[in-house]
Protein chains: 2
Amino acid sequence: MTLSEEDYIKAIYHLGKGDNTTVSTNSVAEMVETKPSSVTDMVKKLSDKGVVNYRPYKGVNLTEYGQKIALTLVRKHRLWEVFLVEKLGFSWDEVHEVAEQLEHIKSEKLIDQLDKHLGYPQVDPHGDPIPSKTGEFKKTIKKLLIDIPVGTSGICVGVKDSSPPFLKFLDKNKIALGDTILIVDKEEFDGSFNIQINKKNIHISNQIASNLYLKISE
Amino acid sequence: MTLSEEDYIKAIYHLGKGDNTTVSTNSVAEMVETKPSSVTDMVKKLSDKGVVNYRPYKGVNLTEYGQKIALTLVRKHRLWEVFLVEKLGFSWDEVHEVAEQLEHIKSEKLIDQLDKHLGYPQVDPHGDPIPSKTGEFKKTIKKLLIDIPVGTSGICVGVKDSSPPFLKFLDKNKIALGDTILIVDKEEFDGSFNIQINKKNIHISNQIASNLYLKISE
DNA sequence: ATAAATATTTAGACAAACCTAAAACATTTA
DNA sequence: TAAATGTTTTAGGTTTGTCTAAATATTTAT
Ligand SMILES: [Mn+2]
Ligand SMILES: [Mn+2]
Ligand SMILES: [Mn+2]
Ligand SMILES: [Mn+2]
């Protein structure tokens, strides 16, 4: 597959919402930042190659073969993201653009060895799951910390309240996007939480807990 | 620069023998595995961009600007080669193809951090020097071990005699291409050598020493 | 010095991936 | 259910990087 073909396949995969829903020409165009007419051309070519099912005016989705390719690309993209953050000191929000390039490097050995070098990570820095070599992975969902059971851990991926006071609080307590958080304990009395973050235990109120989104494996 | 343009620039650089000699259309074609007519086209384009000096029928070489680009590419290529060998366990002869792709990834931060991650290496797994961020590097030369002064170290890059008995000897003594060898001592009496390889000292005869090529910095 | 051999460029085409403008189809709205 | 609106495809072009075949320049050999 060429670099362009791969980017289209990934777009169709991501728009397919995990269940390979048929997606529109326009939505693909928006995702790959091109014009709908270009998508029509490409999608015909991918259809000829057996990568997608395409019915004119009706939309497009991935074949089995296409899904396999998509999962390999997602695996590569996310492993590179882990590498950039863990080994090269990139931050959460700097990795995407570079991974977007690195995902197209062709070498099976490279990816296998990278996976090993990173200690076979299960999730990327954004909390998204990394498919195994055979394409399996756990789905993840985004939940408010307050709705997550004790003993579970997840990755901080967003805030509900983004007011300066709240952000300042997070900053002061060194809670940042991309951090792994373990729910240690929940206090019956006031609904407050004990959480572990960066190897330290801290205590947060019910209010804080209801404004932090984590991504956890189902 | 596009991937293709970069590969042409590298080819012109490598054919230029370090002193930026003017090179022929045919030689470039051979190196980038294309036809001479394609080289003519590309070289005109690179000339318009100020990357090369081109005189029809006379040949092509790099401008100052072109040399800068070439050195950046060589730097990237060789840093990735070190990464593949040192961090991912690739062997000497497996890295080139992958580095040929990785060298085109665009991110200055990526290369700076990779350099740091690798501990600012001076040479790649083939004994070739890695240009600094500003483009400086020591030239290296290939010499028979026998002609190298005591105290110098280099990287094993080839053999003069490739007969089975000699190769078997190297194998038995765990001397492989890509290994770093330090000349510890030379025996006046029989011209034999003490060398250090893989943190072990071994003794080799004058005959062995006159059939092993090392790459050393000038 | 001339002819033969070789190297290089030009001319004309092609595939990939994109574009704009116009036509065809589908959906919504009145 | 017909018009209006929005979506998708088609038609026709462009750019990049490649190719073959033919023309031209340069080098080598007689
Ligand atoms: Mn990409
Ligand atoms: Mn990610
Ligand atoms: Mn390359
Ligand atoms: Mn090398």
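Chain naming here is simple, since letters A, B, ... match the order of the sequence lines and numbering starts at 1 in each.
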J.: Tell me the interatomic distance from A:Asp48, atom CG, to C:dA16, atom C1', rounded to whole angstroms.
T.: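 One finds 14 Å between C1' of C:dA16 and CG of A:Asp48, rounded.
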J.: Which residue pairs pass the salt bridge (charged side-chain N to carboxylate O under 4.0 Å, His left out) test when at least one of the two sits in residues 46-66 of chain A, sequence neighbours left out?
T.: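 Those involving residues 46-66 of chain A are A:Glu5-A:Lys49.
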J.: What pairs of residues pass the ring-ring contact (aromatic ring centres under 6.0 Å, His included) test when at least one of them lies in residues 113-145 of chain B, not counting sequence neighbours?
T.: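 Only B:Trp92-B:His126 qualify under ring-ring contact (aromatic ring centres under 6.0 Å, His included).
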J.: Round to a whole Å and report the spacing from CG of A:Leu3 to C1' of C:dA16.
T.: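 After rounding, the gap between these two atoms is 13 Å.
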J.: Would you jot down, in residue-number order, the residues of residues 97-105 of chain B having a non-hydrogen atom under 4.0 Å from DNA chain C?
T.: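 Contacts with DNA chain C under 4.0 Å: none.
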J.: Between A:Tyr8 and C:dC18, is there a side-chain N or O to OP1/OP2 distance below 4.0 Å?
T.: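 Answer yes for this pair, as a side-chain N or O of A:Tyr8 is under 4.0 Å from OP1 or OP2.
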J.: How does each nucleotide of nucleotides 5-15 of chain D score, in 5' to 3' order, for protein heavy atoms under 4.0 Å: base (B), sugar-phosphate only (S), or none (-)?
T.: ---BBB-----
J.: Relative to the ring of B:Trp80, is the ring of B:Phe83 parallel (under 30°), tilted (30 to 60°) or perpendicular (over 60°)?
T.: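 The rings of B:Phe83 and B:Trp80 stand perpendicular, inter-plane angle above 60°.
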J.: Is it the case that the side chains of A:Ser132 and A:Thr134 hold a donor-acceptor pair, with the cut-off being a distance below 3.5 Å and no angle test?
T.: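 Result is yes, a qualifying pair exists.
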J.: I'd like to know if A:Lys143 and A:Glu218 make a salt bridge, using a cut-off of under 4.0 Å between side-chain N and carboxylate O.
T.: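 No, no charged N to carboxylate O under 4.0 Å.
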J.: Flag this pair as yes if the NZ/CZ of A:Lys109 is under 6.0 angstrom from the six-membered ring centre of B:Phe90 and inside a 45 degree cone about the axis; otherwise no.
T.: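 Yes, A:Lys109 lies over the aromatic ring of B:Phe90.
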J.: Which residue pairs pass the salt bridge (charged side-chain N to carboxylate O under 4.0 Å, His left out) test with at least one member in residues 128-138 of chain B, sequence neighbours excluded?
T.: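 Matches after skipping sequence neighbours: B:Glu108-B:Lys133, B:Asp112-B:Lys133, B:Asp128-B:Lys215.
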J.: What residue pairs, at least two apart or across chains, pass salt bridge (charged side-chain N to carboxylate O under 4.0 Å, His left out) with a residue in residues 7-18 of chain A?
T.: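 Pairs touching residues 7-18 of chain A that pass the test: A:Lys10-A:Glu100, A:Lys10-A:Glu103.
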J.: For C:dT20, does either OP1 or OP2 sit under 4.0 Å from a side-chain N or O belonging to A:Lys35?
T.: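 Affirmative; the distance criterion is met.
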J.: If I take atom CG in residue A:Leu46 and atom C1' in nucleotide C:dA16, what distance separates them, rounded to the nearest angstrom?
T.: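 After rounding, the gap between these two atoms is 12 Å.
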